[in-house]
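Inspection log for the structure reproduced underneath, given as structure tokens.
Position 1 is the first residue of the sequence; numbering continues from there. Hydrogens, waters and symmetry mates play no part in the numbers below; they use all other heavy atoms, side chains included.
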Amino acid sequence: MNEETCAPSGVALADTAFGYTLSLIGGKYKMLILYALAANTVLRHNELKRHLGGIAFKTLSVVLKELEADAMIVRKEYPQVPPKVEYSLSSKGVSLIPVLHTLCEWGERHQPT
């Protein structure tokens with residue numbers, strides 16, 4: 001793949017593969033949630049909240065719904081009282097983890113010391 005095809009000029013970013021990828025991982029918390037689920041396999045809402053620190057309950061709920069709608073994560077609800085819901089990566093989400101690792105490695109090489 002050459003660089004011209006990823007984000008060609010004259011084409012709206014949203015209409016490119018690059019724009020699509022950014023829509024899946026963009027924002028303050030999506031990549032962090034994906035990483036947390038990759039490291040822990042399955043997490044519940046409050047466990048994710050602890051992993052992310054200062055995220056608001058509602059913000060986490062919204063981001064989880066977006067990731068689920070994009071088929072990046074799987075939400076499994078157990079029929080019990082109180083309700084039990086677990087989140088895990090989908091196969092699509094798992095396939096993105098190497099890309100996130102590459103971004104992390106790039107940052108480690110180029111981060112100012």
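Side-chain contact between Ile73 and Leu34: present, with at least one pair of heavy atoms (C-beta onward) separated by less than 4.5 Å. Between Leu89 and Ile97 the shortest side-chain heavy-atom distance falls below 4.5 Å. Side-chain contact check for Glu66 versus Lys30: some heavy-atom pair is nearer than 4.5 Å. Put simply, the side chain of Met31 reaches to within 4.5 Å of the side chain of Leu103, judged on heavy atoms. For the pair Val85/Arg75, a side-chain contact is recorded, criterion being any heavy-atom separation below 4.5 Å from C-beta on.
Side-chain atoms of Glu47 and Tyr87 include no donor-acceptor pair closer than 3.5 Å.
Taken to the nearest 0.5 Å, the CD atom of Glu86 stands 11.0 Å off from the CG atom of Leu37. Distance check, rounded to the nearest 0.5 Å: CG of Leu100 to CD of Glu105 gives 11.0 Å. Here Leu43 contributes atom CG and Arg50 contributes atom CZ; the two are 9.0 Å apart, rounded to the nearest 0.5 Å.
With hydrogens and angles ignored, the 3.5 Å screen pairs a side-chain donor or acceptor of Ser90 with a backbone N or O of Ala71.
Criterion: ILVMFWY side-chain heavy atoms under 4.5 Å apart, direct or through other members. Under it, Val74 and Leu64 are not part of a common hydrophobic cluster. When the side chains of ILVMFWY residues are joined at heavy-atom separations under 4.5 Å, either directly or via intervening members, Tyr20 and Val11 end up in two distinct hydrophobic clusters. Val42 and Leu60 fall into different hydrophobic clusters, where Ile, Leu, Val, Met, Phe, Trp and Tyr are joined by side-chain heavy atoms under 4.5 Å apart, directly or via other members.
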| request: For side-chain contact (heavy atoms from CB on, under 4.5 Å), just list the numbers for Val62 and Thr59, CA-CA rounded to whole Å, side-chain angles, deciding distance to a tenth of an Å, and then say yes or no. | output: CA-CA 5 Å; Val62 168; Thr59 301; 5.8 Å; no
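Among all heavy-atom pairs drawn from Ala36 and Leu48, the shortest one is CB-CD2, 4.1 Å. When all heavy atoms of Pro98 and Val94 are compared, the closest pair comes out as CD-O, 3.5 Å.
Other residues, nucleotides and ligands place no more than 12 heavy atoms under 6.0 Å from the CD atom of Gln111. Counting heavy-atom neighbours within 6.0 Å of Lys65 NZ, excluding the residue itself, gives a total of 12 or less.
For residues 33-52, every residue pair satisfying the ring-ring contact (aromatic ring centres under 6.0 Å, His included) rule, not counting sequence neighbours, is listed here: Tyr35-His101, His45-Phe57.
Other residues sharing a hydrophobic cluster with Leu13 under the 4.5 Å side-chain heavy-atom criterion for ILVMFWY residues are Phe18, Leu22.
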